[in-house]
Amino acid sequence: MKSYLKLTIAVVAMLALIFTGANLFLYNGNKGDAGRPYRVEAERIAAKIENGEDYSLADYRTIINVEIQESGFQGGDSDYLVKEIGGRLYRFDYAYHPDNTAAIASFNICFGVTAAFVLLLLLFLFLKLIRPFEKISAYPTELAKGNLTAPLKESRGNYFGKFLWGLDLLREKLEGQKTAELALQKQNKTMVLSLSHDIKTPLGVIELYVKALERNLYKDENKKREVARSINGKCEEIRNYVDGIVRTESGDFLHMEVQEDEFYLSALTEKIKAFYTDKLQLLKIDFTVDGFSDCILSGDLERSVEVLQNIIENAVKYGDGKRISIAFSREDGCQLIHIRNGGCALSENELPHIFDSFWRGSNTGSNSGSGLGLYICRTLMRKMNGDIFAEIQESDMIVTTVFTVA
């Protein structure tokens, strides 16, 4: 806001400076004889006199009298100038009353209209852009602080409509994630408390049996075997609790919503090309997209873009950095999209595991990652009634997504 006010003041000051300077120049332009029409006409008459030609003062607008000065100059009411022609002095009386009032008025009107337009434009920018942006400038900071309660609605005629809509969509998504996270934390705490209570019972029984055996309270061998079987049963009970925890934690821990919709293959391809053409060119990676026959696919366009982006990002990160290509094929009513990159260092034995959660191959090296990228791709593709698989051909990695044709 302060920067805009400084800019406005600077523009107003510049306009005032131009206005003052131009008016002074036009006003002072009336003074002096430079460029006056009577000088031009006097020169023309002088040339005719010198050449012995006749002339008529009626042909001249400013020269009113010409006479030879034989005995010095005599005063008069008119302005005059003197020229020497053929060794004799001639007096040229002229009548010239310059008037730049019309020019000055025309300039001031034009300049005033221009200045008014500039000031109105600055006012318009302030009301429609600067002030609305000032109101929402603190909104991202509030989102970062976790203040997700206040919605930011799009107003009609607002130039930031799409931006505001995106911010509010981000707020809703963050709020949903926060709610889900709190619910998950509550669920985890409840589960921990429940398991701790459930496990304490068999542990207590085991502890009693162990102390009894330690003190040799059971003399009968059959009783000892019965106690051993009870301890084994309680251990099995605890193992079942632990297996339940493992099954719960290895389930679908990522909540990913997919819209059941339809979209054109060309729309998906154009989004990918728009995102990666310049980026891969900067990285000096040869990026090619083969031709294809357009068709309508079933699924979520934005989620499909997310899948292809994850695959290409892996190709950039783990490939040889030379080439990435996208090819298309049709098979059994499905549209296949093949993403190929060179420099695959993954072994065939590791290939079946690349879509597992938190799994990272031997080719990751020092590259950071969570091991969830391809797992997310498989989850999304299956939710869209599609699939994904990978294969290694010589030193190339080929990841293929399978979409259902609508």
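Residues Val316 and Leu283 come closest through the heavy atom pair CG1-CD1, 4.0 Å. Taking both residues in full, the closest heavy atoms of Arg378 and Phe355 are given as NH2-O, 3.3 Å, listed atom of the first, atom of the second, then distance. In terms of heavy-atom proximity, Leu268 sits nearest to Phe403 at CD2-CZ, 4.3 Å. Summarising the geometry of Asp387 relative to Met381, their closest heavy-atom pair is O-CE, 3.6 Å, with the distance given to 0.1 Å. The heavy-atom pair separating Phe389 from Val402 by the smallest distance is CE2-CG2, 3.8 Å.
Inter-residue side-chain proximity for Ile45 and Ile63 is flagged as met; some heavy-atom pair is nearer than 4.5 Å. Looking only at side-chain heavy atoms (C-beta outward), Val66 and Arg91 stay at 4.5 Å or farther from each other. Counting heavy atoms from C-beta on, the side chains of Ile324 and Tyr276 never come closer than 4.5 Å. Here the side chains of Thr379 and Cys377 are not in contact, with every heavy-atom distance at 4.5 Å or above. Phe263 places none of its side-chain heavy atoms less than 4.5 Å from the side chain of Ile296.
More than 12 heavy-atom neighbours from other residues, nucleotides or ligands sit within 6.0 angstrom of CG on Asn51. More than 12 non-hydrogen atoms from other residues, nucleotides or ligands lie less than 6.0 angstrom from CZ of Arg330.
A salt bridge links Glu237 with Lys234; the closest basic N to acidic carboxylate O contact falls under 4.0 Å. In this structure, Asp396 pairs ionically with Arg323, as a charged nitrogen and a carboxylate oxygen lie closer than 4.0 Å. Under 4.0 Å is where a charged nitrogen must lie from a carboxylate oxygen, and between Lys317 and Glu313 no such pair does. Salt bridge Arg303/Glu306: present, at least one basic N to carboxylate O contact under 4.0 Å. Between Glu43 and Lys83 there is a salt bridge, with a side-chain nitrogen of the basic residue lying less than 4.0 Å from a carboxylate oxygen of the acidic one. Salt-bridge annotation for Lys322 and Asp286: absent, with no side-chain N of the basic residue lying under 4.0 Å from a carboxylate O of the acidic one. Between Glu236 and Arg239 a salt bridge is recorded (basic side-chain N to carboxylate O distance below 4.0 Å).
Between Phe292 and Phe328, the ring-plane angle classifies as tilted under the 30° and 60° cut-offs.
Just one of Val399, Asn341, Ile339 meets the side-chain contact (heavy atoms from CB on, under 4.5 Å) condition when paired with Ile312; it is Ile339.
Side-chain atoms of Asp290 do not come within 3.5 Å of backbone N or O of Ala327 as any donor-acceptor pair. With hydrogens and angles disregarded, a donor-acceptor distance shorter than 3.5 Å links the side chain of Glu41 to the backbone of Thr62. Between the Gln393 side chain and the Ile398 main chain, no donor and acceptor come within less than 3.5 Å of each other. Checking side-chain atoms of Asp300 against main-chain N and O of Glu302 turns up a donor-acceptor pair under 3.5 Å.
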Under 3.5 Å, which donor-acceptor pairs link side chains of residues 106-125 to any protein atom two or more places apart or in another chain?
unit_1: Ser106; atom_1: OG; unit_2: Ala102; atom_2: O; d: 2.9
unit_1: Asn108; atom_1: OD1; unit_2: Asn23; atom_2: ND2; d: 2.9
unit_1: Asn108; atom_1: ND2; unit_2: Asn23; atom_2: OD1; d: 3.1
unit_1: Asn108; atom_1: ND2; unit_2: Ile104; atom_2: O; d: 3.3
unit_1: Thr114; atom_1: OG1; unit_2: Cys110; atom_2: O; d: 3.0

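To the nearest 0.5 Å, atoms CG (Asp261) and CG (Leu297) are separated by 11.5 Å. Remark: Phe92 CZ to Arg39 CZ distance equals 12.0 Å, nearest 0.5 Å.
Applying the side chain to side chain donor-acceptor pair (under 3.5 Å) test to pairs two or more places apart or on separate chains, those with a residue in residues 263-272 are Ser266-Asp294.
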(request) For salt bridge (charged side-chain N to carboxylate O under 4.0 Å, His left out), just list the numbers for Glu226 and Arg229, CA-CA rounded to whole Å, side-chain angles, deciding distance to a tenth of an Å, and then say yes or no. (result) CA-CA 5 Å; Glu226 182 182 348; Arg229 285 193 297 270; 5.3 Å; no
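Glu262 and Ser298 form no side-chain donor-acceptor contact under 3.5 Å, judged by distance and modelled atom types alone.
In this structure, Lys223 has no side chain to side chain donor-acceptor pair (under 3.5 Å) partners at least two apart in sequence or on a different chain.
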